[in-house]
Amino acid sequence: MSNIFTIAVLPGDGIGPEVMKQTIKILEKIEKYLNTKIIINEYAVGGIAINKYGNPLPKKTLHGCENSNAILFGSVGGPEWDHLSLNKRPEKGALLKLRKHFNLFANIRPTFFYKNLNSLSPIKEKILNKGFDIICIRELTGGIYFGLPNGRKGKGINEYAFDTEIYSRLEIERIAYIAFNIALKRKKKICSVDKANVLNTSILWREVIVNISKQYPSVKLEHMYIDNIVMQLMKKPSQFDIILCPNLFGDIISDQCAMITGSVGNLPSASFNQNFFGLYEPAGGSAPDIAGKNIANPIAQILSLSMLLEYSLKDKYSSQKIKNAIKKTLDLGYRTKDLLTNSINEKIVTTDDMGTLIMESII
Ligand code: NAD
């Protein structure tokens, strides 16, 4: 063993602990292929941490994350905590706070298909067969979700609410560099999303991205307005490889990409700061409607571990082993409830079974 690598594991609420349990099984199996000793430290986050410590992101959790090499995050939130003010809720009080604390400005969400799950998609098969393998790169710590001032003022019919969309040159440049560097390792193609026909922030966004692109002459850059790309994604998704978006547009586009694949339960995501410190999590939420029933799909959470191995441990080989094991399990017809396509070869399995089957397929 040459190194020690510490992972802060934050299962959170709803289906979080159920799918995280499967991921830890996989991590324990894959560890024997790694040249690194993995230390796993588990911490409370979200609603469960509010109930236990009165804080969605307790100091112990934050310190634990600070002393780790990466964070493996489940999901947070649920109706039990919806009555709290926004800042005290699990989503803003824990996840958004973590993103801000570690300056995780770059969100990377790969969306792709497993061929035999094509029929889950709301899109026609003849369109999908042309290919769908997109990475959505979303700016995560700027824009309208964080811009100040925001709030509500006035009373009665004169009451109004306001948010501020704001982007600095630095914020746009650093996300652009991440996108261009990832593009170099793929099809060398980026579509940047904005609304430069209306918004000042979008005019600056486009200007900065064009400037950075001059350092990457082999990467083909195009621009699309947000209203056009939502249509193009339905019409011809195969035209896209990397989609680069400001925060708000990325929130929308990444969920649209997820839905094209048919199940949010299959999609991982990673968020990075300048030093490539990463938080890895499923694309979906805590799914309170199915929590505790042992029916959630653990694949997104397991794939977030695969991303951790690829990006933080720089171990593409082990990362690919996990992806191969998932593909093999799906090829054998095993499905959690959300993945059923009504084909005769399918066998419905629980969250626990799916985790075990994937673990056993790692060779
Ligand atoms: P959600 O993603 O939790 O659920 C949307 C739908 O997708 C539900 O029908 C759910 O059952 C299904 N789904 C999600 N993940 C699944 C999985 N792994 N397997 C099978 N089905 C799955 O979104 P929501 O209902 O809008 O939000 C529920 C709660 O989660 C809210 O409190 C929300 O704020 C929170 N949330 C948290 C995060 C996060 O922690 N990163 C992200 C989004 C939403």
Side-chain angles (χ1 to χ4, degrees), residues 9-23 43-51 56-57 61 71-100 104 107-109 111 114 117 120 122 138 140-141 145 247 250-252 254-271 278-305 307 326 330 334-341 348-355 358:
V9 171
L10 280 54
D13 307 315
I15 61 168
E18 298 168 50
V19 292
M20 189 64 86
K21 191 172 146 204
Q22 311 316 314
T23 309
Y43 301 100
V45 75
I48 206 156
I50 295 177
N51 294 356
L57 186 64
T61 302
I71 304 170
L72 196 55
F73 193 91
S75 46
V76 291
E80 193 185 331
W81 304 283
D82 280 351
H83 65 283
L84 297 171
S85 66
L86 266 184
N87 284 333
K88 291 188 176 146
R89 274 195 217 170
E91 299 84 338
K92 199 160 184 186
L95 187 56
L96 264 65
K97 227 171 167 175
L98 270 174
R99 287 177 183 163
K100 200 75 192 166
L104 304 173
N107 181 249
I108 308 213
R109 238 208 237 185
T111 46
Y114 294 100
L117 296 181
L120 281 178
R138 167 185 168 196
L140 202 59
T141 52
Y145 291 171
N247 205 345
D251 199 358
I252 297 162
S254 55
D255 272 11
Q256 191 190 2
C257 287
M259 219 359 89
I260 293 175
T261 72
S263 173
V264 75
N266 274 352
L267 299 175
S269 115
S271 306
L279 180 149
Y280 300 84
E281 60 179 324
S286 58
D289 53 330
I290 56 166
K293 296 182 179 164
N294 200 16
I295 59 172
N297 178 358
I299 291 179
Q301 186 79 69
I302 294 169
L303 280 172
S304 65
L305 170 65
M307 284 189 87
I326 293 171
L330 292 172
Y334 295 109
R335 307 273 185 269
T336 43
K337 201 173 163 208
D338 58 306
L339 298 180
L340 288 175
T341 67
I348 185 163
V349 294
T350 63
T351 309
D352 272 326
D353 290 342
M354 188 57 118
I358 294 171

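Numbering of residues begins at 1 and proceeds along the displayed sequence. One-based numbering, in listed order, for ligands and for the atoms of each. The shown structure was predicted, so the numbers you read here are calculated from the model rather than taken from an experiment. Values reported hereafter were calculated over all heavy atoms of this structure, with side chains retained and with hydrogens, waters and symmetry mates removed.
Of all protein heavy atoms, the one lying nearest to atom 34 (O) of ligand 1 is E91 OE2, 2.3 Å. From the protein, the heavy atom lying nearest to atom 29 (C) of ligand 1 is S286 OG, 3.2 Å. Taking atom 28 (C) of ligand 1 as the reference point, the nearest protein heavy-atom neighbour is P288 CD, 3.4 Å. Protein heavy atom closest to atom 3 (O) of ligand 1, with residue, atom name and distance, is A287 N, 2.7 Å. Scanning the protein heavy atoms around atom 39 (C) of ligand 1, the nearest turns out to be L95 CD2, 3.7 Å. Of all protein heavy atoms, the one lying nearest to atom 7 (O) of ligand 1 is V264 CG1, 3.8 Å. The protein non-hydrogen atom at the shortest distance from atom 9 (O) of ligand 1 is D289 OD2, 3.0 Å.
Nearest heavy atom pair, residue S271 against residue L140, reads OG-CD2, 3.4 Å. Residue L330 comes nearest to M354 through the heavy atom pair CD2-CE, 4.1 Å, listed as atom of the first residue, atom of the second, then distance. For the residue pair W81 and G47, the shortest heavy atom distance occurs at CE2-CA, 3.2 Å. Nearest heavy-atom pair across M20 and L10 is CE-O, 3.9 Å. Closest heavy-atom contact between T141 and K100: O-NZ, 3.2 Å.
Checking atom 5 (C) of ligand 1 against the protein gives no heavy-atom contact under 4.0 Å. For atom 25 (O) of ligand 1, the nearest protein heavy atom is 4.0 Å or more away. The presence of a protein heavy atom under 4.0 Å from atom 31 (C) of ligand 1 is confirmed.
Atom numbering of ligand 1 starts at 1 in the shown order; those under 4.0 Å from a heavy atom of G78 are 32 (O). Atoms of ligand 1 lying under 4.0 Å from at least one heavy atom of S75, given by number and element, are 40 (O). Under a 4.0 Å criterion applied to the non-hydrogen atoms of G284, ligand 1 contributes the atoms 2 (O), 42 (C).
Contact annotation: the side chain of I50 never approaches that of R89 to less than 4.5 Å [non-hydrogen atoms, C-beta and beyond]. The shortest side-chain heavy-atom distance between I108 and M307 falls under the 4.5 Å cut-off.
Contacts of K337 with ligand 1, taken as heavy-atom pairs under 4.0 Å, are absent altogether. Contacts with ligand 1 closer than 4.0 Å are made by no heavy atom of I295, backbone or side chain.
The closest approach between A300 and ligand 1 stays at or above 4.0 Å for every heavy atom of the residue. For V19, the closest heavy-atom approach to ligand 1 does not fall below 4.0 Å.
Within the model, atoms OG1 of T336 and CD1 of I299 stand 6.0 Å from one another, a figure rounded to the nearest 0.5 Å. Distance check, rounded to the nearest 0.5 Å: NZ of K88 to NE2 of H83 gives 10.0 Å. One distance of note links CZ of R335 with CD1 of I348; it measures 11.0 Å at 0.5 Å rounding.
The shortest N/O to N/O separation between E281 and ligand 1 falls below 3.5 Å. Distances between N or O atoms of G265 and those of ligand 1 include no value under 3.5 Å.
For the residue pair D352 / T350, no side-chain donor-acceptor distance below 3.5 Å is found, with atom types taken as modelled. Side-chain atoms of D13 and S286 form no donor-acceptor pair, as typed in the model, at a separation below 3.5 Å.
The heavy atom nearest to atom 16 (C) of ligand 1, considering only L339, I15, D338, is found in I15. Looking at G285, A258, A94, G77 and measuring to atom 2 (O) of ligand 1, the nearest heavy atom belongs to G285. Nearest-residue assignment for atom 21 (N) of ligand 1 (options N297, V76, V45, I290; heavy-atom criterion): I290.
No salt bridge links E281 with R109; every basic N to acidic carboxylate O contact stays at or beyond 4.0 Å.
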